[in-house]
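Computed from a prediction, not measured in an experiment: that's the story for all the values here.
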Amino acid sequence: CLFGTAQNQRCHEASAWEWTLDGTNFFTKTNDLYLQNAIWQTFVTATSVGYGDTAPVMLGSKIIQSLSALTGILFSALLTAALQNLLHFSPDEHAVLMLLEGKKVRDDVKMLAATLVGRWWRARARGVHRRKDQSLLLLIQTFKRIKNKALLPSGYYQPDNLKVISACRKMRKVDDLLSTLSELLHAIKTGDQSQSTPFSPAIRPKSPDLQSMGQVTQIRKNLLPMDPLPQSPNKEGTDPLPLSNGSATTAPLTEGEPIQGVPEDEDTSPFRVQDLSKPASAEHTRTDGDKGAEMSGTEWGRVVSNIVDSNISRRKERLEAKLRLNSLASAVLATLGSLAAVIQNELIYDQTAIHSWKVEALKCCNSFCTLGACLCLVQYYRMTILHQRLVKHLYQLVPLETKHLFRGEVIGQWRFWFEFALTALHLPPGVTFEVGGFNLDNFIVYRAESILCIINSLRLHLWARVIRNVGLRDLPHVSILSNISNRPLNYSFVLKRLLTSKWAIVHVSTVWGFSFLICGYWYRCAELSVCQLNTTVTADCLRPEAQQWTLYGTEVDQSRSQWIQQAMWVTVITSTMVGYGDIFPVTHFGRFFASLACITGLLLGSLLTAVIMTLIARNPAEEAALHLLEREKAKKLLMTTAAKLLQLWWRHRKLNKMGIKRNASQATYMLLQQLRSAREASKRDVSDLQSTSARVNDILMRASTIHSLLKDIVEEVGLQRSKWSRIRRESVVDVPSLEEVWQGQNHM
């Protein structure tokens, strides 16, 4: 009806122009032709903000906005569930974390041992008995507790699923050993002498690089003890060999004879760490010359010499320290430049002259900080490339090339150019300008200092590297494990560690408060037009649209956005999805930054819910303690119920003696049933009350013990059979067979 092209006759009536929602207050209906307003109304409805600056009037629009609100609630619930799922470590990340925990425990034991020896020596020099020194006793107890944890086998520091796989592999080996033992016993029982080769100690052929291989294996065991099960050594040099059915037995080997079909004890963990003692993949091949040929033992000896070489190792450590220092320096310089930009922008808003010495001095400071941050950024990328080449030189024998770092690989990275442009962009001294444009029915003008201030604040992303370095600071040998396991410890790994720690709520709250400040300041810069300042020089500020703003046909006060407190208040009520409606954004950029604050608040609120759910969940130790308390409670209930039953029995016995007979009541049957359930609960073993992880550890250790014992039994039986066969062949007299001796027919 408002378009003027309607053919309906009722469009000429007064009810088509004058509308009312309550039958009392009337208003003139006007069409809002801006799509931006419709999108904004849908957004504030879906995010439950609801400023109140605009509301649906017609029935169809109310139904659509109701669906939008329900969609927003569903999206919020799905976001919380997704973040809860993302907080869990993947199997590879969990394996890396467990290995790092094991190495950290061993390092702590060494430090505590050194501290304990020093304290004991000082106490002895003073003549104080160790039992009287309370601090020394506490240190001894701490050392014993950590030592017991450090003495656990390396397979303990693995996820439960990997432990189950390792136990299954061990049980398959046990099955093979049982088959071998069955064949040996059958051969002894039947006196089968068809074995052409007698059993004797096996001698492995010596390799010219055996010493280098031993060094590599020792280094791997010291850094990454990945073998989850203890391996029992072969007795008297015997080696297991396969029988006809694929089982393992022992057979003699002469000097230099190759070993055929020896099933070496491989790493039972499916989380395969690259073994430095043998090339297990295509990555362990030469990169110069013949790229398809595998490295020989001599080349792997060079790998060992590179790792053992203290100069290369120290160079790598110094380079990593420089990387951490460089990332911190670039972040600090970028932050100082951003602060200078914020201060000069505040001076402009405070009616300070554009080319005053204060503003120019702050611009010079920003330029110097920007130059220093750019130089640190270039140096950081150069050292990163050098670090990657040094790691390849250490582990893959790639020749170390220290030239053309910038021209070679740094220039070709788009990430470098993006960060460099974001860091280098600033307003130099003596430069200023104003930019204006229409915003709905209004005209707004921005100063260059405000625009560049928002851009300069984006430099704060450089602190992400510093946070990553701090999150990995307490983990030993991070770079070695990351390169050997082919699992980069990136930002997601550090973020999961921070959000699953006991300080997770503090971390989320800190990020939330920081987002209040950033989004609030951005909102203020977007909502404030320089036409309200006396220092403006553009003629566009003389337009009526720039002097007086309107929104939905209502005049808007522009001075409400001058105060930083108002901008922060808008950010708070937006990110917490409150939206009182006392103040709301008017400009396009103001709505954009308000939407950013709303999305950030929604994300952090869901993340905070997921973190709290993770923190209040019981860990395996708490579950085991709870089960143990339930068993003790069942024991106490058993004693109480038994006492009540004895009292009832005594009463019935007394009444029977008096000639009064009574049948068992319902309470008696309930007590009997309660007694049975309490007795069953109190009989549960401690091993049954353990957590799932502890049970998996117990299964793994028992499988390891059974495998070691069976392996020793098979080797001993095979060795005795080979010795007896050799005695029968070399003896002149008639020597009875082993089965005859065992049966007691002809004893020697």
Side-chain angles (χ1 to χ4, degrees), residues 32 34 36-55 65 68-69 72 76 338 341-342 345-346 348-350 437 439-447 449-451 453-458 460 508-533 548-552 554-606 608:
D32 188 359
Y34 292 103
Q36 303 92 319
N37 292 334
I39 296 176
W40 172 249
Q41 185 184 34
T42 305
F43 177 80
V44 297
T45 304
T47 54
S48 305
V49 177
Y51 287 110
D53 53 343
T54 178
Q65 296 299 351
S68 176
S76 178
S338 300
V342 170
N345 189 37
E346 290 301 317
I348 295 297
Y349 288 162
D350 197 32
N439 181 86
L440 299 179
D441 294 331
N442 309 315
F443 193 86
I444 188 170
V445 180
Y446 294 113
R447 178 81 70 180
E449 286 79 2
S450 301
I451 299 174
C453 179
I454 296 176
I455 297 176
N456 290 156
S457 62
L458 297 177
L460 299 178
V508 175
S509 302
T510 303
V511 174
W512 207 335
F514 184 75
S515 66
F516 285 161
L517 297 176
I518 296 297
C519 294
Y521 194 79
W522 288 351
Y523 172 83
R524 181 183 181 225
C525 294
E527 288 286 311
L528 187 58
S529 176
V530 297
C531 293
Q532 305 176 37
L533 307 178
Q548 184 62 48
W549 287 1
T550 59
L551 183 65
Y552 310 120
T554 306
E555 294 184 358
V556 178
D557 185 14
Q558 300 185 37
S559 61
R560 61 178 184 173
S561 300
Q562 292 183 358
W563 305 101
I564 187 66
Q565 299 89 335
Q566 294 286 354
M568 295 299 172
W569 172 246
V570 172
T571 307
V572 169
I573 64 176
T574 303
S575 60
T576 54
M577 276 75 72
V578 177
Y580 287 107
D582 53 344
I583 185 172
F584 47 84
V586 178
T587 64
H588 291 327
F589 290 106
R591 289 179 175 179
F592 173 76
F593 292 131
S595 303
L596 186 61
C598 180
I599 294 175
T600 304
L602 181 63
L603 180 64
L604 292 176
S606 301
L608 184 62

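- One distance of note links OG1 of Thr510 with CZ of Phe514; it measures 11.0 Å at 0.5 Å rounding.
- Distance check: Leu602 CG to Ser76 OG gives 5.0 Å after rounding to the nearest 0.5 Å.
- When all heavy atoms are compared, the tightest approach of Met568 to Leu517 is CE-O, 3.5 Å.
- Between Tyr51 and Trp40, the ring planes are parallel. Angles under 30° get that label, and only those over 60° would be called perpendicular.
- Of all non-hydrogen atoms in Val508 and Leu604, the two that sit nearest each other are CG1-O, 4.0 Å.
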Residues His588, Leu440; criterion side-chain contact (heavy atoms from CB on, under 4.5 Å); working and verdict: CA-CA 8 Å; His588 291 327; Leu440 299 179; 3.6 Å; yes
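- Taking the six-membered ring for Trp, Tyr580 and Trp569 have ring centres closer than 6.0 Å.
- With hydrogens and angles left out, the side-chain atoms of Tyr521 and Thr571 include no donor and acceptor closer than 3.5 Å.
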Verdict with reasoning, Asp441 to Tyr34, per side-chain contact (heavy atoms from CB on, under 4.5 Å): CA-CA 10 Å; Asp441 294 331; Tyr34 292 103; 2.4 Å; yes
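- Atom SG of Cys453 and atom CD1 of Ile348 lie 11.5 Å apart (nearest 0.5 Å).
- A distance of 12.0 Å separates OG in Ser575 from CD1 in Ile599, rounded to the nearest 0.5 Å.
- Although no hydrogens or angles enter the test, the distance criterion places a donor-acceptor pair under 3.5 Å between the side chain of Glu527 and the main chain of Thr587.
- Smallest separation of non-hydrogen atoms from Ala594 and Thr574: O-CG2, 3.2 Å.
- With hydrogens and angles disregarded, a donor-acceptor distance shorter than 3.5 Å links the side chain of Thr45 to the backbone of Gln41.
- Counting heavy atoms from C-beta on, the side chains of Trp522 and Leu596 come closer than 4.5 Å.
- In this structure, the separation between OG on Ser509 and CG on Leu608 is 6.0 Å, given to the nearest 0.5 Å.
- Summarising the geometry, atom CD1 belonging to Ile444 is positioned 3.5 Å from atom CH2 belonging to Trp549; distances are rounded to the nearest 0.5 Å.
- Annotation: side chain of Leu528 is not in contact with side chain of Arg447 (no heavy-atom distance under 4.5 Å).
- Taking each heavy atom of Ala526 and Gly590 in turn, the nearest pair found is CB-N, 3.6 Å.
- A 4.5 Å side-chain heavy-atom check between Ile454 and Phe593 finds at least one atom pair inside the cut-off.
- Between Ile564 and Arg524, the shortest heavy-atom contact is CD1-CD, 3.7 Å.
- Put simply, the side chain of Asn442 gets close to the backbone of Thr550: a donor and an acceptor are under 3.5 Å apart.
- Other residues, nucleotides and ligands contribute at most 12 non-hydrogen atoms within 6.0 Å of the CZ atom of Phe592.
- When side chains are defined from C-beta on, Ser450 counts as touching Tyr349, because their heavy atoms get closer than 4.5 Å.
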